[in-house]
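The sequence lines fix the lettering, A, B, ..., with proteins before strands; numbering per chain opens at 1.
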Amino acid sequence: MIAKVIVDVPSRQTDRPFDYEVPKDLESWVEVGSRVGVPFGGRVLQGFVIELAETADIDPKRLKSISELLDPMPPLLPDLIELAKWMSDKYCCSWTTALQAMIPAALKGKAERYISLNDDPEFSAEEYGLTALLPEDMMDWIGKQKQVKLETLQQRFPDYAPAIKEALREGLLLEQTSIRDRLAIRKVLTVFPPEDEAAAREALQSFPARAGKQRELLAFMLERGEAMPLQAMLAEAGGSPASVRALVDKGLLGMHEVEQERDPYAGRNFQRTEPLPLMPGQQTVYERIAATVSRGESQALLLHGVTGSGKTEVYMQSIQHCLELGKQAIVLVPEISLTPQMVERFKGRFGDAVAVLHSRLSNGERYDEWRKIRSRRVEVAIGARSAIFAPFERIGLIIIDEEHESSYKQEESPKYHARDVAVRRARQHGAAVVLGSATPSLESFAAASRQPAPGKESALLPMPERVGSRPMPPVQVIDMRSELQDGNRSMFSRRLHAALIERLERGEQSVLLLNRRGYSTFVMCRSCGYTAACPHCDISLTYHQKSRALRCHYCGHAELAPKECPSCSSEHIRYFGTGTQRVEEELAKLFPGIRVIRMDVDTTTEKHSHEKLLKQFGERKADVLLGTQMVAKGLDFPFVTLVGVIAADTSLNLPDFRSAERTFQLLTQVAGRAGRHHLPGEVVIQTYSPEHYAIVTAQQHDYAAFVREELKHRGVMGYPPFCRLVLVTMSHEQLPLLSSVSEQFAERLRGLAADEGVLGPLEGGLPRAMDILGPVASPISRMKDRYRFQCVIKYRGNIDVPALLRQAMAPFIEGSPLKLVQFSIDVDPQVIL
DNA sequence: AGCACGCCGACT
DNA sequence: GTCGGCGTGCTC
């Protein structure tokens, strides 16, 4: 039997299947989706079996065998292997990169090399004159250990690296390679009840009086009747390990190590909840989803429900319906809203049938949750982006909550969008996709609004009513220019200042949003105009108050903040721009005694810090929750009655085609945080551009009006959803080389597009057109000591852009000199700046 | 990605 | 005349 294997080398030249013989004893174990260790170019690598065949495509003499099978159960299924192929085509990444993204990090095996002595009786070191090659204590040590890791050996005898190499060549030492997972399986010493219960009861009667403890322990285990960890047993029943061991030696109890699964939610009792009665609007939407799931139709439905319209309840009842049909469901949530609150709701409804996958789990915990899915112990997976790869076999429903969230796009290779992968995977399974949002992305909205095919219903499911008919909170827009004219130079407008005081007096809570972390955004000398910039990136440094450091938010570079100007030695160094740290300081100054929780990437790096901060706020241990956009998402606190946006312009003025959309979404989301319960809420938005349509429409809670206006702009400028984009970024240390290569690349690409007959501006109205902009320097023209150039490709119609790109890049990748230009391709980029 | 094979400068 | 530089090409 022959296995076609994708080896774990993410390069273009190895991005194809390689044939291997399956050893006889593994034939019944190796399947499509198996993870194997294979010899490849003189070493052993991890690979995935993507196909089994009778005969090899190459000369059988060149054929090698699979050296080991890495899991008893294949971690991948055929549908995922096909999906990975699709991803590698669509997103221009290698097949193995896509495959790796689908399995938990714990299964990313690395080859380890082991050394042992050659104990073949035929082999004689004396005969070959090799006795003096290696020191005796090394030989003894290896002999005693039987097998040692090459790394360890080299650490212990650092001067002998060449000698070890020679000994391997001469056959004095032997080498074995095997793949070791990056996985620490926790083993727990576990005590088992007696195998022969009758005999044990009998023995219990005839125990000597002085072995009272043993008798007690044996009685305890007989009564319990099931295994338990030794530590827990001793804690409950008392006694020492010695007395247990004595019982084990007598054969009355069993004891051995057991692999333990970590359940991060073990021991937590989730309050079981029953389905709530649906409002008419919810009911209609639910019925539509349920019918689609029942038909096994892979349609993508857009659930456009305002904040507080009860989307989650609709999700849960739809999942219930899906499970009743014997199918499984995947729920994707933005990482940031995968809060304990959210998990609780799903665990409460579906109990142990839910696996939770999020980034705050350790590798081991994540692997355990994943295994629950793979071994069919759960029916529902809820998690961030990568949960879309949950290894279910019969998916009936995929839900993507807050579908407009940019975190569904992975920024590293494979640069996939979970929404697009979901639609593709749903097609393989005949599953329904539900995209839920109060502020759908323009792409999804446009797709769902398209005239349905004859006989089909619209894919757009509106839910405009809020549960309990609570009104949307009133939103005040404050023009910060007139504040300044009236002599208010503070970062708080008079209205926001007064509103904060009211909350403090009434003991209610406030949420303040500022989409910029750090203390100040740039540092400038007022004498000479010097600004502090990162030495590795073309970007100004941000001052962080706590560490008194200037930091680069792109590469992490940090330096001590200067007291005087490094350029002209003047003392007129000033900090400009406001970050969350500055606001925190200002709050303390203006409102003495105010309790503030600051939440941004700087305060939430620790494992559970995010939850901890939210919990504290929920317990009303603070008056103000101040943070970057992470405070805008999915929080639900009854005592929050004020939401303040300190500067709506931060996101509005970014030179990116999505900046208006992002601002509208952010403002709408954050406004939805106020007054969700019995207390009425209030929203204050501060801005320097109060007349901008993104702000006006957000103030009026008018999504439709925003979309109308935004679509006009997108149409004029030629941006999605009127076309699709691909961003090609090229980088190199040397600017002239980069400049020349990027020009050549763009020229080749234009030539190829012209050959296809699609080159030209999109305004022409042709159904198939492709426009290549650039190359130009990237907005961040240097990052981590590499210069960056980019091309933006706009296209419309059915054009295989990845294929054209691959052809255009080929001469710069294959066999190019050592210092090659790096190409990075982002299909459907979220940000092009 | 690694590793081996192969063609030109500073050493015995 | 050799050791070693890293350019280039292959890996079932």
Side-chain angles (χ1 to χ4, degrees), chain A residues 1-24 26-27 30-70 81 84-85 88 92-101 105 107-115 149-151 154 161-170 173 175-180 182 412-414 731-734 737 741 806 809-825:
Chain A
M1 190 162 69
I2 301 297
K4 305 213 175 266
V5 175
I6 298 291
V7 292
D8 187 19
V9 180
S11 95
R12 207 141 260 123
Q13 287 165 68
T14 50
D15 192 26
R16 61 185 177 86
F18 286 84
D19 288 357
Y20 287 91
E21 175 85 55
V22 181
K24 274 274 167 290
L26 288 181
E27 279 197 351
V30 172
E31 297 172 52
V32 170
S34 288
R35 197 168 57 108
V36 292
V38 290
F40 190 76
R43 56 212 168 116
V44 174
L45 292 178
Q46 175 180 297
F48 288 99
V49 176
I50 56 146
E51 201 185 322
L52 292 170
E54 284 308 311
T55 51
D57 291 333
I58 57 153
D59 181 359
K61 286 189 205 70
R62 282 169 60 202
L63 203 62
K64 290 186 188 168
S65 281
I66 288 175
S67 51
E68 57 182 328
L69 178 70
L70 298 174
I81 287 173
K85 177 67 182 144
S88 98
C92 286
C93 66
S94 63
W95 202 341
T96 187
T97 307
L99 289 166
Q100 291 289 354
L107 294 184
K108 278 164 200 164
K110 247 194 87 184
E112 274 180 355
R113 300 162 77 180
Y114 294 88
I115 302 296
K149 242 199 267 181
L150 177 62
E151 241 176 33
Q154 280 174 338
I164 293 170
K165 218 171 177 184
E166 197 188 335
L168 282 166
R169 215 173 27 240
E170 298 291 343
L173 295 178
E175 187 190 34
Q176 300 81 35
T177 322
S178 81
I179 309 277
R180 267 269 302 273
R182 288 193 220 150
E412 311 86 58
S413 185
S731 69
H732 195 271
E733 287 171 25
Q734 295 162 24
L737 177 68
V741 166
R806 265 187 279 265
M809 288 191 306
F812 310 108
I813 291 176
E814 279 159 25
S816 83
L818 188 76
K819 296 187 166 184
L820 34 74
V821 172
Q822 240 176 50
F823 280 78
S824 152
I825 293 175

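One atom, CG of A/Leu45, and another, C1' of B/dC3, lie 12 Å apart when rounded to the nearest Å. With rounding to whole Å, A/Trp95 atom CH2 is found 19 Å from B/dA1 atom C1'. A/Lys108 places its NZ atom 17 Å from the P atom of B/dA1, with the value rounded to the nearest Å. In this structure, CG of A/Asp8 is placed 12 Å from P of B/dA1, rounded to the nearest angstrom. The interatomic distance linking A/Asp15 (CG) with B/dA1 (C1') rounds to 13 Å, in whole Å. For A/Arg12 and C/dG9, the CZ to P distance is 18 Å, given to the nearest whole Å.
The aromatic ring of A/Phe18 does not sit over the base of C/dC12; the criterion of centres under 5.5 Å apart with planes under 30° is not met.
For the atom pair CZ (A/Arg806) and CD1 (A/Ile825), the distance works out to 8.0 Å, reported to the nearest 0.5 Å. Note: A/Lys108 NZ to A/Ile179 CD1 = 14.5 Å, rounded to the nearest 0.5 Å.
Side-chain N or O atoms of A/Glu21 include none that pairs as donor or acceptor with a backbone N or O of A/Leu63 at under 3.5 Å.
Nucleic acid contact class of A/Phe40 (heavy atoms, under 4.0 Å, all strands): base. Among the heavy atoms of the strands lying under 4.0 Å from A/Pro39 are primed sugar atoms or P, OP1, OP2 only; no base atom is included.
Remark: A/Arg16 engages A/Phe18 in a side chain to side chain contact (heavy atoms under 4.5 Å, CB included) (not counting sequence neighbours). Residues passing the side chain to side chain contact (heavy atoms under 4.5 Å, CB included) test with A/Thr96 are A/Ile6, A/Asp8, A/Pro10, A/Ser94, A/Gln100, sequence neighbours excluded.
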Take A/Phe812 and A/Val821 through the side chain to side chain contact (heavy atoms under 4.5 Å, CB included) test and state the conclusion after the steps.
CA-CA 7 Å; A/Phe812 310 108; A/Val821 172; 5.8 Å; no
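Heavy-atom distances under 4.0 Å link DNA chain C to A/Ile58, A/Arg62, A/Leu63, A/Lys64 of residues 50-66 of chain A, given in residue order.
You'll find that the side chain of A/Gln13 is closest to C/dC10, out of C/dC12, B/dG2, C/dC10.
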